[in-house]
Amino acid sequence: AQSVSQHNHHVILSEAASLELGCNYSYGGTVNLFWYVQYPGQHLQLLLKYFSGDPLVKGIKGFEAEFIKSKFSFNLRKPSVQWSDTAEYFCAVSGGYNKLIFGAGTRLAVHP
Amino acid sequence: EAGVAQSPRYKIIEKRQSVAFWCNPISGHATLYWYQQILGQGPKLLIQFQNNGVVDDSQLPKDRFSAERLKGVDSTLKIQPAKLEDSAVYLCASSLDQGNQPQHFGDGTRLSIL
């Protein structure tokens, strides 16, 4: 069965700390990979996506993610977080027909 | 561009009552999705439309949930009768088509069942 696993449900960091959120997926074919973010009181929005090509993808607001096919992973990184990065982050995978399968999400709290 | 519009934002009903949610996708988007997000979980796809046809409704509890997109634009999702476990946020999303296109999400409807 297709599934997405996010390693951490809650992460607390201080400003300027580095961030890495883990994501592993289980899918039997060619996959497209996504990270979505939901800031407090806002709707889900796309942070970055991987379809093919360079496995290191860069998204908005200084975020990047690396696709490692052998590990079925798509971890999200940011070298220095800000208070405004406080949000919930969702990893997702899609196969045919653009159907998204989401992980359970990681709540990130950044303290000034 | 205007985003995906959903209404109402909040709804509280008693179990066994019925409820309906409305979604207006971004203009020109052929594909529309309804997701259910239970507290502490990621969104789960309930149904996907391509224009006014259903692409995937494999996870829609068809004994109580129904959805339509009659004119290929806006859509309604209905629950009748509601159960306690239906308490969730119902998200609508749209994309240009069902290829590798990003999905744009609405603010969702938070449903509480008493």
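Below, chains carry the letters A, B, ... as their sequence lines are ordered, and counting in each starts from 1. Values below: all heavy atoms of this structure, side chains included; hydrogens, waters and symmetry mates excluded.
- Proximity to chain B (any heavy atom under 4.5 Å) is shown, for Leu44(A), by both the backbone and the side chain.
- Linking Ile, Leu, Val, Met, Phe, Trp and Tyr whenever their side-chain heavy atoms come within less than 4.5 Å puts Leu48(A) and Phe67(A) in one cluster.
- Residues Ile113(B) and Val89(B) are members of separate hydrophobic clusters, defined by side-chain heavy-atom contacts under 4.5 angstrom among Ile, Leu, Val, Met, Phe, Trp and Tyr.
- Annotation for Leu39(B): atom CG does not count as buried by contact number, only 12 or fewer foreign heavy atoms lying within 6.0 Å.
- Taking hydrophobic clusters as Ile, Leu, Val, Met, Phe, Trp and Tyr residues chained together by side-chain heavy-atom distances below 4.5 Å, Ile12(A) does not share a cluster with Val81(A).
- Hydrophobic clustering (side-chain heavy atoms under 4.5 Å, transitive across Ile, Leu, Val, Met, Phe, Trp, Tyr) keeps Phe34(A) apart from Phe63(A).
- Residues Ile60(A) and Leu56(A) do not share a hydrophobic cluster, clusters being chains of Ile/Leu/Val/Met/Phe/Trp/Tyr side chains in contact below 4.5 Å.
- Using a 4.5 Å cut-off between heavy atoms, Ile38(B) does not touch chain A at all.
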Note each donor-acceptor pair with a separation under 3.5 Å, taking one atom from chain A and one from chain B.
residue  : atom : partner   : partner atom : Å
Asn32(A) : ND2  : Asn100(B) : OD1          : 2.7
Tyr36(A) : OH   : Gln103(B) : N            : 3.4
Tyr36(A) : OH   : Gln103(B) : O            : 3.4
His43(A) : ND1  : Asp107(B) : OD1          : 3.4
Tyr97(A) : O    : Gln48(B)  : NE2          : 2.7
Asn98(A) : O    : Gln103(B) : NE2          : 2.7
Asn98(A) : ND2  : Tyr33(B)  : OH           : 3.0
Asn98(A) : ND2  : Gly99(B)  : O            : 3.3
Asn98(A) : ND2  : Gln101(B) : O            : 2.8
Lys99(A) : NZ   : Asp56(B)  : OD2          : 3.4

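- Phe105(B) and Leu100(A) make their closest contact through CZ-CD1, 4.5 Å (heavy atoms, listed as atom of the first residue, atom of the second, distance).
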